[in-house]
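Following: one structure in structure tokens, then a few remarks.
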Amino acid sequence: MYGRPEQADRGEALRRTVQRLRREQRRDRPVEPPVPPPLVPEAALDPDLARPPDRDLHHLLDAVPQAAVLAEPVFDGSGGVRDLAAVIVNEAAVRNPYHPGQAHRDAAEGRGLSLREAYPGLWTAAFADTVAEVLRTGYAARGVPVRWRGTAPDGSTRTRHERVTAHRLGRRLLLVWPEARTEEIARAAQRIARVGWAEWSLHEDRLDVSPGLAVLLGLAPETESILPGRALRRVTETARPALYRELERLLSTGEGIDVLTELYGVGRPRRIRLVAEALREEGGPVAGLRAVLQDVTELSESRRRLREQEEETERQARRADAEHHVVQRLQDALQPHRAVLTGLGVSTAVAYRPAEGGVGGDWFKVRQLPDGQVLLAVGDARGHGLDAVALMSMLRHALAGLAFTGALVESLGGWLNRIACDEGDEATATAVVSRYYPDRHLLRWICAGHPPPVLLRAGRVALLDPETGPPLGVLPDVAYRAVETYVRPGDTVLLYTDGLIERRDQDIDVRLEALCEAVRTHAVADCATGPDLQELVDAVVREMSGPLSEDDATLLAFRFEFES
């Protein structure tokens with residue numbers, strides 16, 4: 001009903017170690033009672049018995065929700081325990097209306113407290129024998145029935161019947177009064193956290209288990225103790241050898257263990273973390289162990305899934321790096337790094353800044369045409385990665401071929417738009433496409449959803465007024481209108497992509513003003529009219545670039561050098 005059938009136990013090494021420790025315990029157990037300490041007068045307890053221990057222990061007991069008292073035993077002349085002197089009284093006992101709070105405060109301040117006086121009716125012969133047994137063996141006594149008279153919240157004197165648990169801590173005794181609600185909370189905490197505890201006494205060959213551990217073992221929650229072998233047979237066959245080795249090491253050396261194992265319980269085997277420490281009398285052999293077990297099945301599954309996700313993320317990152325490398329190489333192969341024209345009275349320079357962590361779709365084209373005219377264009381294909389590079393390459397090469405027809409820029413824009421539309425809804429781009437007529441000193445250009453060109457003339461900088469049409473690939477039938485700009489000797493026109501000016505935290509008009517100011521600042525005499533046009537574009541790109549640029553940026557400049 002509560003789990004799978006128990007398995008055969010073959011832990012021979014562990015069994016031999018347990019038998020050896022039991023023999024050592026029987027051999028080392030003293031025959032004569034220990035020599036009692038000096039007799040303490042009945043009239044007053046020794047104040048030194050109530051000396052404050054370290055502050056950490058006091059804070060630890062204050063954190064315990066049950067009423068708890070740490071006490072020193074007071075012996076009589078024959079070595080029997082005749083009283084307990086309180087050393088620490090925790091906050092739960094001080095606040096409890098049924099406990100003598102003022103007396104507890106006196107003990108907390110180091111004034112000493114006799115438990116026989118503070119709890120009338122508590123001290124009986126049976127209770128004294130229990131205390132002596134706990135002090136002698138070190139084994140806790142649980143659920144010891146006691147009665148004592150106390151003051152109820154209404155002021156009346158009542159006799160209370162309770163159960164107290166006694167633990168030995170060194171030479172002292174810790175008394176804990178469990179509360180029904182506290183026990184209920186403890187059970188709920190074990191159930192919610194899937195945790196339980198166990199204490200194995202080699203002397204009694206009994207494994208005391210908490211309700212939480214009983215459930216983990218597939219037993220009824222009411223189970224309080226079982227034989228150790230029965231619990232060990234709940235360990236799966238594959239996990240049993242490793243657990244036996246760890247338990248044998250703990251009992252042989254006294255060193256604590258922290259091990260992952262598997263238990264048969266309800267349903268499939270559960271992953272269990274077991275943390276245990278040895279129990280031993282002072283100077284004696286190991287007498288048992290105390291362990292905490294937690295069901296970490298879900299946590300292990302979560303960690304496994306996290307590892308798988310991390311591995312998948314790493315694989316995707318490697319694929320992305322490989323793709324980025326390929327796309328970067330492809331872009332470098334398709335996109336020239338220089339823009340050179342000779343013998344036409346036009347000098348050109350270009351600067352490119354890649355995006356952080358991606359490859360964009362920026363492109364430019366500078367080409368002398370057979371009819372003596374010049375093609376000057378800048379564009380930006382939508383998106384990043386391989387798709388953007390493919391669209392960029394297609395538009396750039398298509399423009400180069402169409403321009404050889406001698407068609408006007410209005411027609412070139414319309415044809416590029418149809419090409420982009422035929423590639424699908426995601427194939428969009430912006431561009432400025434221009435033709436320069438050297439014989440007329442005329443620049444004719446169209447703007448397809450692109451930022452306007454910048455004109456540097458005689459130290460002054462201004463944006464050219466565009467006739468802006470929609471981006472390429474948005475609407476299939478679009479008629480672009482050209483703008484005609486007559487240039488003068490020394491004029492410089494700059495075409496750029498939006499990656500140079502767009503920032504999420506700044507308005508686009510502010511960024512356009514910043515671009516014009518950067519051009520004006522860096523257009524010094526030897527740069528604006530001399531041969532160092534490349535210095536101008538490099539300086540402007542450096543100034544306009546942020547520390548982390550999400551989009552690539554291209555700046556193409558051409559200066560007109562002819563005699564008026």
Residue pair Thr405 / Trp415, side-chain heavy-atom distance below 4.5 Å: yes
Run the salt-bridge test on [X] and [Y] with the 4.0 Å N-O cut-off and return the result as yes or no.
| X | Y | value |
| --- | --- | --- |
| Arg271 | Asp295 | no |
| Glu237 | Arg240 | no |
| Glu502 | Arg511 | no |
| Arg245 | Glu248 | no |
| Glu310 | Arg307 | no |

Residue that, paired with Pro451, satisfies side chain to side chain contact (heavy atoms under 4.5 Å, CB included) out of Leu463, Leu515, Asp498: Asp498
Which residues share a salt bridge (charged side-chain N to carboxylate O under 4.0 Å, His left out) with Arg367, sequence neighbours left out: none
Salt bridge (charged side-chain N to carboxylate O under 4.0 Å, His left out) partners for Glu467, two or more places apart: none
For the student: nearest non-hydrogen atoms of [X] and [Y], plus distance:
| X | Y | answer |
| --- | --- | --- |
| Ile446 | Gly413 | CD1-CA, 3.4 Å |
| Ser210 | Gly196 | OG-CA, 3.4 Å |
| Ser434 | Trp445 | CB-CB, 3.5 Å |

Atom pair CG (Leu293) and CZ (Arg273), whose distance is rounded to the nearest 0.5 Å: 10.5 Å
For Tyr480, ring pair (Phe, Tyr, Trp, His ring centres under 6.0 Å) partners two or more places apart: none
Side-chain donor-acceptor pair present, Ser545, Arg353, cut-off under 3.5 Å: yes
Donor-acceptor side-chain pairing of Asp362 and Thr554 below 3.5 angstrom: yes
Stepwise side chain to side chain contact (heavy atoms under 4.5 Å, CB included) check, Leu369 with Tyr436: CA-CA 10 Å; Leu369 301 175; Tyr436 175 57; over 6 Å; no
Test log, rule side chain to side chain contact (heavy atoms under 4.5 Å, CB included), inputs Asp465 and Val483: CA-CA 8 Å; Asp465 293 330; Val483 177; over 6 Å; no
Pairs satisfying salt bridge (charged side-chain N to carboxylate O under 4.0 Å, His left out), at least one member in residues 428-445, at least two apart: Asp371-Arg435, Glu410-Arg444, Arg444-Glu484
Full working for side chain to side chain contact (heavy atoms under 4.5 Å, CB included) between Val350 and Val537: CA-CA 7 Å; Val350 66; Val537 295; over 6 Å; no
All pairs passing side chain to side chain donor-acceptor pair (under 3.5 Å) where residues 447-462 contributes a residue, at least two apart: Thr430-His450, Arg457-Asp491
ring-ring contact (aromatic ring centres under 6.0 Å, His included) assessment of Phe562 paired with His441: CA-CA 9 Å; Phe562 56 88; His441 310 312; 3.8 Å; yes
side-chain hydrogen bond (donor to acceptor under 3.5 Å, both in side chains) against Glu513, all qualifying residues, sequence neighbours excluded: none
